[in-house]
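Order of the sequence lines sets the chain letters (A, B, ...), proteins ahead of strands, with each chain counted from 1.
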Amino acid sequence: MDYQFKDIEQKWQQFWAVNGTFKAEDKSNKPKYYVLDMFPYPSGAGLHVGHPLGYIASDIFARYKRLKGFNVLHPMGYDSFGLPAEQYAIQTGQHPAVTTEDNIATYRRQLDQIGFSFDWSREVRTSSPDYYKWTQWIFMQLFNSWYNKDADKAESIASLVAHFEQNGSAGINAVCDEDILTFTAGEWKALSNQEQQVELLKYRLTYLRESTVNWCPALGTVLANDEVKDGFSERGGYPVEQKKMMQWSMRITAYAERLLQGLDTIDWPEPLKEMQRNWIGKSTGASVRFPIDKTTHHSPLTTDYIEVFTTRVDTIFGVTFLVIAPEHELVASLTTPEQKADIDAYIAVTKKKSELDRMADAKTVSGAFTGSYVLNPLNGQQIPIWIADYVLAGYGTGAVMAVPSGDQRDYLFAKHFNLPIVPIIDIQKIDTEADPTKEGTYINSEFMNGLDYKAGTAAVIAKLEAVGAGKAKINFRMRDAIFGRQRYWGEPVPVYFKDGLPYLIEEDHLPLLLPEVDKYLPTESGEPPLARAEGWKHAEGDYELSTMPGWAGSSWYWYRYMDAQNDKEFASPEAIAYWKDVDLYIGGSEHATGHLLYSRFWNKFLKDIGKVGEEEPFKKLINQGMIQGRSNFVYRLVDEEGRGTNTFVSHGLIKEHKTSPLHVDVNIVENEVLNLAKFKQWRPEFADAEFILENGKYICGVEVEKMSKRYYNVVNPDDIAQRYGADTLRMYEMFLGPLEQSKPWNTNGIEGVFKFLRKFWRLFHNDAWEFGVSDAEPSKAELKSLHKIIRKVEEDIERFSFNTSVSSFMIAVNELTDLKSNNRAVLQDMVIILSSYAPHICEELWTLLGNPAGTLSYAPFPKFNAAYLVEDEFAYPISINGKMKMNLNISLSLDVKDIEATVLANADVQKYLDGKTPKKVIVVKGRIVNMVI
RNA sequence: GCUCAGAUGGUGGAACUGGUAGACACGCAGGACUUAAAAUCCUGUUCCCGUAAACGGAGUGCGGGUUCGAUUCCCGCUCUGAGUACCA
């Protein structure tokens, strides 16, 4: 029979499902291997053609590892809490759970038809109560923990309380809020429970903090940053303002250093690690306190000094002014009456500037003088205080010491406002710009004069510490993560409030179920949707009204797959001890600073409290490239008055006509040739369309854009699976190019892959499409083809070069076709090797070959034997001055000298040499011969 | 601006530690089969010179360099894509 992919694929997909072929065992003598995909958010649009790219790659890898004798865990699930379902609920009243359920069904159908080897018995959904029960449980563990810097790990809050009871706050080195109290054991015990709880909250790893949010009064809701465009809501275009709210936060900054160090231990793409490093943003320096000059400043102040952070504390004697952010809390009290007008005007201008303006304005210098001064803590020199918008309130202390001789921004500022520029290093060249050199020795720097960078820095820090004006400090750019959303469709926070303080609910009350509400909107008073739920109350007080953010459920899901049905624990210690960590994780790089950072954070925390064994969750990670859309265009002829006509001009002829381009559905275009009949049917107004053709065809224009419905360039994997089958889709997506490279989706070459599979099928069949193979001894040539592909596929899969193995398969099948091979032994091995790429056709052929009923998924991968590839001759390329001239067959047993003699003795070579004797002959055995003349 | 990735035929791409540039596939052109079309098969296909073959020349974004030999290594530049936003 001809290759009937539809029947074959349906048959085997059913077989795998019915027989639980890919169910992973939790105990096995085989080595374990965990292949994970980033699970999808089940959106209403369904799976698009970019999703399967990574899934196919990981599936090939998982299937390959099974053949190689590994016990493979390859699960799939859904990140099913999220905004789109909630948005849809607001519009239609449809419960998000219902929408989500529908979408999941679509995703499942789409995934199934591609023939993935997922172990569906372990499916997880983050929105399912038996899953989010454990997300809530982890939240509770975080609430009950603090970070001990001395032990460099999270510890139980009970241990902190015990310490307070014994020793008071002395000897505690914690990552915590800034405003902690200092107390003795006696004082601690004297505090009321309420006061103790207030204090403990400053230490907990999840805690309440006042944070700024984008508040949209018209919509009555909080918006994410990307929902706000230029100060207006993307939806509706209502004004958005900054509002302070008490929000749950996660003390991820406690793990900053470990998150940074851990990057060196994992096999991830370097650009991705770099993104995380930049996000964490460690800088080593010092904090310095500049006392405010009271002789020039007389209005009352809340503080005596301004604290700055600097990475170049060694330049402290070059400080000629201080700059604080316009939003800095001291601005108002530092401003003298004479300067008030200037300062107010500057602040007003800054406020008006959008972030875009501030970016575009990066080169213009602006600022204003407050009229006040600080003193250099080391020599008492008077230093003016300025404000400028290049200093950010949100980073460091919102204040910088300006050293115009060493920092270009400070230099420009000083030039602009005529402030002094003091060189502090002997070799500094500061005539036209700042010189940030660390070479040379210090000048104009009192006790540091003559010292070099290293000694100078140490001396300054020692001096600052001695006078109590500063200390060495490490600063991180990363902020604590906000962990609350004023939304409905998320995990409820397992907390109730009593006397304004948060308390955890009892563990045996988990899961705290998401309640029903009448509407998915905030209340009239602006409270989150959960405030609408009736009886949403704990016996002791009101429940928290916000829900957890989208990243909560995805920050630990890989553990749930290890033991997905467990109702006693998030996963059993045995399952975790066996599966340990993810060996291979495939997904997009857009999760670099979100999901991948939070997951590492939670993993480290779970390790600290002894629940998991590994410091890092994802040993190896591969980024699949983004699939872009590839739009096609038709060109509508425009008449004299500029109106569109019903005539369309082929792309090659548009220079000769006046036309306007129009997106056309890529699904009615093949190899840039428009299907005219389908175009006329596409939309009613084109039913009578006329065409100006070139060579009898209508050629469309092409452009790469985002894949989106409005560009008509969305390609649905279903259509391709219908037309060519899943095996072709799988192989074609791999054939498209390197996995990690971003590329536009393009079906132009898919026929070639389909033809290849038919050709493979035909190897097993005669001209009448009857199955038949020979039991003869394989020939040398057949074995050579076979073992070449065995080696190639092993090498390619191990380095994730799937596109090149598809090519190699084509070469092997072409060779075997030329050899007219139908040898059972050879073809049987071919079936196994190809099966991870094209599983359906291979299962079918495996059965036809007469193997015992069942699957080939666990057959042993053929062993490579180098002996079949040994050659005794090699066609040496003979080049002269590096230019290849000819090939010459020479025995590989000859050594270098004999090869040289053979080459020089050859008549054709002599012809090229034209009577000359080469000055030099380079012979690389088995590679090349090069002669220099 | 900074960081990272990339640039190879008409197209997607291959060439793994410096060693025959363009594998494999698409497209295109010509041919076979067919009444015809589809399907299938065969041949050709980097560019230039040359009627054709032999032969010759150029050629991996641009300009240099190292080397017997560079798509690969080094220096400088151009362009494209992604991320980031004055980080003190």
Q) Does a side-chain N-to-carboxylate-O contact under 4.0 Å join A:Asp767 and A:Arg762? A)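 Result for this pair is no, no salt bridge flagged.
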
Determine which nucleotide pairs with [N], using a 3.5 Å limit on both distances of a Watson-Crick or G-U wobble pair.
N	value
B:G9	none
B:A32	B:U40
B:A23	none
B:G63	B:C75
B:C55	none
B:U3	B:A82

**Q.** A:Tyr876 and A:Leu892: CA distance, side-chain angles, deciding distance, side-chain contact (heavy atoms from CB on, under 4.5 Å) verdict
**A.** CA-CA 10 Å; A:Tyr876 279 89; A:Leu892 278 164; 4.0 Å; yes

Q. Looking only at atom types and distance, does a side-chain atom of A:Ser405 sit under 3.5 Å from a main-chain N or O of A:Val422, one as donor and one as acceptor?
A.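 It does hold such a pair.
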
**Q.** Length of the CD1-P vector between A:Ile750 and B:C24, whole Å
**A.**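 These atoms are roughly 21 Å apart.
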
Q. Hey, does the side-chain of A:Asn930 have a donor or acceptor N/O within less than 3.5 Å of a partner on the base of B:C68?
A.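 Checked by distance alone, the answer is yes.
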
So, [X] versus [Y]: side-chain donor-acceptor pair below 3.5 Å or not?
X	Y	answer
A:Asp480	A:Thr253	yes
A:Ser808	A:Ser805	no
A:Lys759	A:Asn814	yes

[atom1] gap between [N] and [M], integer Å:
N	M	atom1	result
B:A14	B:G6	P	12 Å
B:U66	B:A15	P	29 Å
B:U72	B:C33	P	49 Å

**Q.** Under 4.0 Å protein heavy-atom contacts per nucleotide of nucleotides 43-49 of chain B, with B for base, S for backbone only and - for none
**A.** -------

Q.
Heavy-atom nearest nucleotide on RNA chain B for A:Gly398 versus A:Arg762: which residue maps closer to 5'?
A.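 Final value for this comparison: A:Arg762.
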
Q) Considering only side-chain heavy atoms of A:Arg799, which listed nucleotide, B:U3, B:A15, B:U40, is closest? A)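 Looking only at side-chain atoms, A:Arg799 lies closest to B:A15.
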
Q.
At 4.0 Å (heavy atoms only), tell me whether A:Asn887 reaches a base, stays on the sugar-phosphate, or touches nothing.
A.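 Base, at least one base atom sits under 4.0 Å.
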
Q: Kindly confirm or rule out a cation-pi arrangement of A:Arg758 over A:Tyr3, judged by NZ or CZ under 6.0 Å from the six-membered ring centre and within 45° of its axis?
A: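 Judged by the rule (NZ or CZ under 6.0 Å from the ring centre, within 45° of its axis), A:Arg758 is not positioned above A:Tyr3.
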
